[in-house]
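Here is the structure we will look at.
Chain letters run A, B, ... following the sequence lines, proteins first and then strands; every chain starts at 1. Reckoned from all heavy atoms, side chains included, excluding hydrogens, waters and symmetry mates.
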Amino acid sequence: MAETASAIADPDDVLIVAGRRYGSRLLVGTGKYRDLTQTGEAIAAAGAEIVTVAIRRTNIGQDPDEPNLLDVVDPARFTILPNTAGCFTAEDAVRTCRLARELLDGHNLVKLEVLGDPKTLYPDMPATLAAAETLVADGFEVMVYCNDDPIAARRLEEIGCVAVMPLAAPIGSGLGIQNKYNILSIVENAGVPVLVDAGVGTASDAAVAMELGCDGVLMNTAIAEAKNPVLMASAMRHAVIAGRQAYLAGRMPRRRHASASSPLTDLPF
Amino acid sequence: MAETASAIADPDDVLIVAGRRYGSRLLVGTGKYRDLTQTGEAIAAAGAEIVTVAIRRTNIGQDPDEPNLLDVVDPARFTILPNTAGCFTAEDAVRTCRLARELLDGHNLVKLEVLGDPKTLYPDMPATLAAAETLVADGFEVMVYCNDDPIAARRLEEIGCVAVMPLAAPIGSGLGIQNKYNILSIVENAGVPVLVDAGVGTASDAAVAMELGCDGVLMNTAIAEAKNPVLMASAMRHAVIAGRQAYLAGRMPRRRHASASSPLTDLPF
Amino acid sequence: MAETASAIADPDDVLIVAGRRYGSRLLVGTGKYRDLTQTGEAIAAAGAEIVTVAIRRTNIGQDPDEPNLLDVVDPARFTILPNTAGCFTAEDAVRTCRLARELLDGHNLVKLEVLGDPKTLYPDMPATLAAAETLVADGFEVMVYCNDDPIAARRLEEIGCVAVMPLAAPIGSGLGIQNKYNILSIVENAGVPVLVDAGVGTASDAAVAMELGCDGVLMNTAIAEAKNPVLMASAMRHAVIAGRQAYLAGRMPRRRHASASSPLTDLPF
Amino acid sequence: MAETASAIADPDDVLIVAGRRYGSRLLVGTGKYRDLTQTGEAIAAAGAEIVTVAIRRTNIGQDPDEPNLLDVVDPARFTILPNTAGCFTAEDAVRTCRLARELLDGHNLVKLEVLGDPKTLYPDMPATLAAAETLVADGFEVMVYCNDDPIAARRLEEIGCVAVMPLAAPIGSGLGIQNKYNILSIVENAGVPVLVDAGVGTASDAAVAMELGCDGVLMNTAIAEAKNPVLMASAMRHAVIAGRQAYLAGRMPRRRHASASSPLTDLPF
Amino acid sequence: MNIRLNGETRQFDGVQTLAELVAELGLDGRRLAIEHNGEIVPRGERESRRLADGDRVEIVHAIGGGTP
Amino acid sequence: MNIRLNGETRQFDGVQTLAELVAELGLDGRRLAIEHNGEIVPRGERESRRLADGDRVEIVHAIGGGTP
Amino acid sequence: MNIRLNGETRQFDGVQTLAELVAELGLDGRRLAIEHNGEIVPRGERESRRLADGDRVEIVHAIGGGTP
Amino acid sequence: MNIRLNGETRQFDGVQTLAELVAELGLDGRRLAIEHNGEIVPRGERESRRLADGDRVEIVHAIGGGTP
């Protein structure tokens, strides 16, 4: 099977973000898992190479032997993608990115999120644009969570973001791609990778995102809140490959009417 | 990766049809390919173990050295599933099955199709039920193409069919699963494998079928009419695995509203 | 407004069932209402002219002054459509129709339903076909509840049914039209009226059914279980008219991309 | 029928925009019609009270007797809603509004549109926000075409817009409501009327918009490009009423499984 | 005389015809259909249709009901 | 005198005010709005608004148009 | 001798059994199934199955085909 | 000396530099980033960065978190 797959799949079909090449197009988060062991197993099953982490205050007085996320997600093996989850202003997001850069020894790749509403976790786009400008000017490589507005996505690219990451549905909703036309418009106009961020609920949702031509998918809840997160991580790995290959293979046309795949002639009657 | 996958996937999660065990849940047809070489490559890329073939009059006077389908799809390696495609009466379908049994040295497994209309290739269910009764009485193991009527599926199982194969959408239409509730009802009530037959257009469609709990998917046009059939066959292999694993893993609940996967507390501001 | 409407709508666009002409294409049931008063108000708000009723054992010993459904739904004003709801065999359905004919003084129009399963209330199609043949031979005008199988619908018409009534979704589910392609195929091939029976949940569902070219819609639960049944009945009246007019008016083509409805030239800049 | 309707519908359920009350919740455009006669007939059939018009350079040298749009759409009978269609900058949009105000004798109600892309006619939201601020400060009552971003809608309301008008799908696409969750979020958070602007293709689309709780729908292409625009205008009138009444009536819950509307007891067998 | 009426056995004395049974039940004038021993009895034949001990009688009417 | 009228340069002789220009164009009585050198000129000021060589004038009206 | 072979009438001389017909058609060694006058003839009986003028013979094999 | 540490005021005696504070907290060797009075302090400057009464210090690290 491995031989077959390598013979079929183009080894040059890689995801390139900020000049780095990734064989996997599935990016994963690290929240909501039972423990760090499960986090690590899910990341492995997902085959992810880019892993997003949050930046939070150290819990003073905690057990100093408590395991650390970056022990499980080793920055030497994975591309760590610090995010600004929880930031509701451009200032907070910029500050979080700078803390992350210090934390990760000058690592410049960040996932910018500026939220507009604690209930929907929908992005605040004007603040996101402002933060993106500041961060790009400050030398960051910005992957940016955004709404699915094609004009906004183009603007974020113009600002210099290295990837645009539109939401497919509300974060953590699991509702799947709501507006395929918008995602398609963003993909068609983009010169940087487009990754669906948020809203995927199950494997077919991830496949749909890739079939639309997205360059990758980032997810967390769909894996972590499955009954069996590690098996779902594997499902998502296959789904992203499936969707990517289907996109590259070029699907059959949709037809209103049937088309026999067996010839309707030369029947023995 | 191979190690990871084998550690995650349950090796006992196999498709059992008529007492035989199959690691692959993707069944493929052999029509509409450019040539037999492409047919063989697509079957390999799909990882299929059950392959359906049509029975037709031998073209008298043809080049006797012309390659034969069963050279490419070796009955020693694959389970050959002769189908009754093109039959519009129960009698023709039964006769075709008997010819197939002779052709394949007593092989009893057949795919019964009795069509009701040349335009939609929709099944004629009363004729299908009649043919199924005759074939089961004659010792055949009948996998049966049918509409997505849960009552009809249950009746076909009562008759003794070894698998029910409802259409998801018109054959060759590529429109994807139309009535998920009916497929779900069939799955919930079935004691034999349920395989979606016909209507899949791209990888996510196959994943959806599996996420509904189907035991497998049979397809032909979606692979053969892709721009790159062999790559699409690989996509479908991944999609069926993805959908199966997602079904087994148990998807997250759908929610109207967002749910943060990063904690919203302990922010440094 | 009344003048405008009458000027626009074609007065000859009527529903013809069994030779009788109806201005309204919305048929309603009489179950699940709070009381007979609400039943009557909902029927009036729906503008229905054909009203379906069930046949049940008279409750012996009840108050003889208890109001009677046929006082509210006067057979002199409405076409009463007795149904065979609750019948799970062809025999029971035929017997119920004959009782209904006696009850209604020789009235021949019936709604045949033979159910296959108490949980889904999905029709038992072989039994339905058998009952339809018996009833047609016995002089009944049969409107028939059926699955959305285009071949079955054609067969029911061949038997002599005066209308085919495919379900859109499980009875009482309110899930809306599941398989639009099947409904469309039935409509395209039918020589008798096609009415969607069961599955409508809200006004837009009814409009969709009519836009597909159906001749009418029958519903009960969607009205009776609305918070305000009488207002929902009015909504459904408008929805059926809206869908019918949209079907006749011929909708605009769907387009992937925008099309300005204001000219993009002669701007003052 | 008229009596029935007036008895059911609440006469106080009116659309209030900028302090004015409207019985109709269907707003229409005036582009793409065959001629002004058809324009007028369609507006009448739609029952519209608010009619949007574009502002363009007068064609110098044309026949001075050529009929004028405002003869057909008399500002004494209709609320004229001049729009800034075709404007790609905030400045152009503001200038167009000011010309419109002069043209209409100080009329302050405008429909603001600042487009971001000539192909999709998707709004440029930062420019829209800027123009809205300028116009509100200049005394205009601004109804604003916007994307379906709930945070942006809230911001436009904070700025002082009198109505937010999110697009349902690309202008002139006829694809229907793409992201129902976003429209629902906008509706739930809004203190001003929410009207779906753009994307409606047929009657059921308009009904869906209203069932989500929108206060109205504005459309042009769906009517003007129907084969019979005047009949489609009537269809849309009914669809908007149907959707509104269904929203107010409170739809039945969706259920996976069937629910009989005829009692399943007291059968005579 | 025992009659199996709508599935329940009941005793009726002094009732000899279907018409008398209907009257005894207080159902005169109501819109009903009646089966007697599995056979539908037209309205006009109720008076002449005699009952015997052990007969089965079904009396039905229309009630609210909708899609299946 | 040359006027840049709705984007095209045209010559008008004997026209001194906006009101005269409107009349010359045969647009009297039509519902119009006018910009003169980028500034909107209210209806009541057309008679007093004098034109000079090279001025820019935009004359607009309402036409059919809908969603964006 | 005329044989109705796969729907077409053809003449075969010197052919007396199904096995000889298969050989004559150059189909020896191919995976086939054969009907003779509507009855399936097992492989082992081809040699003994004699043909007569006007007989109907169908020869089929497996070809590419998929969902219905 | 009172320090506003991660939003809470705490008293530290005998601590004069950021490096000493980290050690006092038992956080030596952990992967952290530190803000001092709103300014990020690179790792190499912790030893030389002196604390004063009332200073604000934020200490952060990476934790599990995903899409927004």
**Asked** Ion pair present between Glu35(G) and Arg98(B), side-chain N to carboxylate O less than 4.0 angstrom?
**Response** no
**Prompt:** Looking at Asp105(B) and Arg31(G), does any basic side-chain N land under 4.0 Å from a carboxylate oxygen?
**Reply:** yes
**Message:** Quick check: under 4.5 Å, non-hydrogen atoms only, which of residues 43-54 of chain G neighbour chain B?
**Reply:** Arg43(G), Arg46(G)
**Message:** With side-chain contact (heavy atoms from CB on, under 4.5 Å) as the criterion, how do Arg57(B) and Glu8(G) come out once you've worked through the C-alpha distance, each side chain's angles and the decisive distance to 0.1 Å?
**Reply:** CA-CA 12 Å; Arg57(B) 282 171 168 168; Glu8(G) 291 182 21; over 6 Å; no
**Fill in**
Rounded to the nearest 0.5 angstrom, the CD1-CG distance for Ile63(G) and Leu70(B) is 11.0 Å
**Complete:** Output for pair (Leu99(B) CG, Leu32(G) CG), nearest 0.5 Å, gives 11.0 Å
**Any donor-acceptor pair under 3.5 Å from His61(G) side chain to Arg56(B) backbone** = yes
**Asked** When only pairs under 4.5 Å are counted, which of Leu5(G), Val41(G), Asn6(G) shares the most heavy-atom pairs with chain B?
**Response** Asn6(G)
**Prompt:** Measuring heavy-atom distances to chain G, does Leu27(B) have an atom under 4.5 Å in its side chain, in its backbone, in both, or in neither?
**Reply:** neither
Residue pair [X] / [Y]: nearest heavy atoms and the distance that separates them:
X: Val60(G); Y: Thr58(B); result: C-OG1, 3.5 Å
X: Ala54(B); Y: Gly64(G); result: CB-O, 4.2 Å
X: Val53(B); Y: Ala62(G); result: CG2-CB, 4.0 Å
X: Glu102(B); Y: Ala33(G); result: CG-CB, 3.7 Å

**Item:** side chain to side chain donor-acceptor pair (under 3.5 Å) against Asn179(B), all qualifying residues, sequence neighbours excluded
**Value:** none
**Prompt:** Is it the backbone or the side chain of Ile40(G) that comes under 4.5 Å from a heavy atom of chain B, or both, or neither?
**Reply:** side chain
